[in-house]
Amino acid sequence: MSTLKKDFASKLLEVKAIKLQPNDPFTWASGWKSPFYCDNRKTLSFPWLRSYVKLELVHTILEHFPEAEAVAGVATGAIAQGALVADELNFPYVYVRSKTKDHGMQNLIEGELPAGAKVVVVEDLISTGGSSLKVVAALREAGYQVVGMVASYTYGFPVAAQAFAEADVRLETLTDYDHVVEQALETGYIKNEDVELLHEWRKDPANWKK
């Protein structure tokens, strides 16, 4: 078990960023129903944890994407995290919207990077991967080189792994579903029967509770 993934999973549980509601499931933007929700944006509210996430994302970038020379955050969840990471690295920074603004300059990419810059994308959470990879496509269309993506958390769905592979994007995360569930069970946050329900959901999240 990865020490970092286990440690960050524990911290997410500590600040109650993990929600389990099997009888009142969440509805994701994709339309999927889920008994489980990870709101790791809550880490921004705690200075000690905000700094932890920033530094671990920076370390991940330096280790896996040393060629990176700019940072792009994914709106809206990773705008703040991306800015913090870019500041620590002293890199140029932009953030990318899910769609162009309907007023003003009608920008999709907010900010400016050097032409052809090698960009690492900062995301907060990966579910299906669809919205994250739209950001990659927008950056590539604008002439930037996307060297990879870092994120705080991933559900680890096969559909996301396939999408990232097809888009030729390497993804590195601080923690994931398996580590969070294992830590939640160890700490008594969830019970064995909850784990069974979660695993059942994860096998086919698109059709769960339909």
Side-chain angles (χ1 to χ4, degrees), residues 2 5 8-13 15-45 53 57 72-82 95-100 108 121-139 146 148-185 187 189-210:
S2 165
K5 285 181 166 57
F8 186 42
S10 296
K11 287 175 168 55
L12 288 174
L13 289 163
V15 300
K16 297 180 173 56
I18 304 300
K19 303 292 184 184
L20 183 65
Q21 294 181 187
N23 297 318
D24 184 21
F26 301 95
T27 301
W28 290 355
S30 61
W32 289 4
K33 298 290 184 181
S34 171
F36 179 89
Y37 191 78
C38 177
D39 183 13
N40 66 73
R41 286 173 291 189
K42 197 170 181 179
T43 60
L44 294 167
S45 300
V53 172
L57 288 173
V74 179
T76 59
I79 291 178
Q81 288 178 340
Y95 71 83
V96 186
R97 297 176 177 274
S98 58
K99 59 182 180 180
T100 56
L108 181 61
V121 178
V122 174
E123 177 63 290
D124 70 319
L125 178 146
I126 307 294
S127 54
T128 64
S131 58
S132 305
L133 291 173
K134 284 181 181 178
V135 167
V136 171
L139 290 165
V146 177
M149 184 180 299
V150 295
S152 296
Y153 175 85
T154 179
Y155 285 97
F157 295 127
V159 65
Q162 181 179 347
F164 273 84
E166 290 175 352
D168 192 25
V169 177
R170 180 178 176 182
L171 172 67
E172 297 290 338
T173 66
L174 300 188
T175 194
D176 52 36
Y177 168 88
D178 290 323
H179 287 82
V180 165
V181 170
E182 185 164 342
Q183 285 301 107
L185 185 60
T187 58
Y189 183 80
I190 60 176
K191 301 175 181 177
N192 284 314
E193 53 265 35
D194 296 322
V195 175
E196 293 172 11
L197 179 146
L198 288 170
H199 288 343
E200 177 187 338
W201 160 74
R202 193 165 178 249
K203 287 178 185 176
D204 190 12
N207 293 304
W208 190 77
K209 285 285 186 182
K210 282 190 175 179

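Worth saying up front: this structure is predicted, and the values here are computed from it rather than measured.
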Do T128 and W28 pass the side-chain contact (heavy atoms from CB on, under 4.5 Å) test, and can you show the C-alpha distance, the side-chain angles, and the key distance before you say yes or no?
CA-CA 10 Å; T128 64; W28 290 355; 5.6 Å; no

Evaluate side-chain contact (heavy atoms from CB on, under 4.5 Å) for S152 paired with V53, printing each intermediate quantity in order.
CA-CA 7 Å; S152 296; V53 172; 3.8 Å; yes

Applying side chain to side chain donor-acceptor pair (under 3.5 Å), can you list everything that pairs with [X], at least two apart in sequence or on another chain?
{"X": "T27", "answer": "K33"}
{"X": "E123", "answer": "S132"}
{"X": "T76", "answer": "none"}
{"X": "D39", "answer": "none"}

Can you list everything that forms a ring-ring contact (aromatic ring centres under 6.0 Å, His included) with Y189? Sequence neighbours excluded, please.
none

With sequence neighbours left out, write down each residue that passes ring-ring contact (aromatic ring centres under 6.0 Å, His included) with Y153, or none if nothing qualifies.
Y155

Look only at the side chain of T173 and the backbone of D176, and say whether a donor-acceptor pair between them is shorter than 3.5 Å.
no

Heavy-atom donor-acceptor pair, D124 side chain to N40 backbone, under 3.5 Å
no

Which residues satisfy the side chain to side chain contact (heavy atoms under 4.5 Å, CB included) test with [X], sequence neighbours excluded?
{"X": "D204", "answer": "A206, N207"}
{"X": "A80", "answer": "L44"}
{"X": "D194", "answer": "L20, I190, K191"}
{"X": "E200", "answer": "W208"}

Would you check, one step at a time, whether the test side-chain contact (heavy atoms from CB on, under 4.5 Å) holds for V96 with V74?
CA-CA 5 Å; V96 186; V74 179; over 6 Å; no

Where A151 and I126 come nearest, the two heavy atoms and their spacing:
CB-CG1, 3.9 Å

Which heavy atom in W32 sits nearest to a heavy atom in P205, and how many Å separate them?
CZ3-CG, 3.4 Å

Rounded to the nearest 0.5 Å, how far apart are [atom1] of [X] and [atom2] of [Y]?
{"X": "T187", "Y": "E182", "atom1": "OG1", "atom2": "CD", "value": "11.0 Å"}
{"X": "T43", "Y": "L12", "atom1": "OG1", "atom2": "CG", "value": "7.5 Å"}
{"X": "T175", "Y": "Q183", "atom1": "OG1", "atom2": "CD", "value": "8.5 Å"}
{"X": "I18", "Y": "K42", "atom1": "CD1", "atom2": "NZ", "value": "10.0 Å"}

Taking the side chain as C-beta and beyond, is there a heavy-atom pair between H199 and V195 under 4.5 Å?
yes

Under 3.5 Å donor-acceptor pairs involving side-chain atoms of residues 156-171, not counting sequence neighbours:
residue: Q162; atom: NE2; partner: E166; partner atom: OE2; Å: 3.0
residue: R170; atom: NE; partner: E172; partner atom: OE2; Å: 2.9
residue: R170; atom: NH2; partner: H64; partner atom: ND1; Å: 2.8
residue: R170; atom: NH2; partner: E172; partner atom: OE2; Å: 3.1

Pair R202 + D178, salt bridge at N-O below 4.0 Å:
yes

Report the residues that fulfil salt bridge (charged side-chain N to carboxylate O under 4.0 Å, His left out) with K11, sequence neighbours left out, ordered by chain and then residue number.
D7

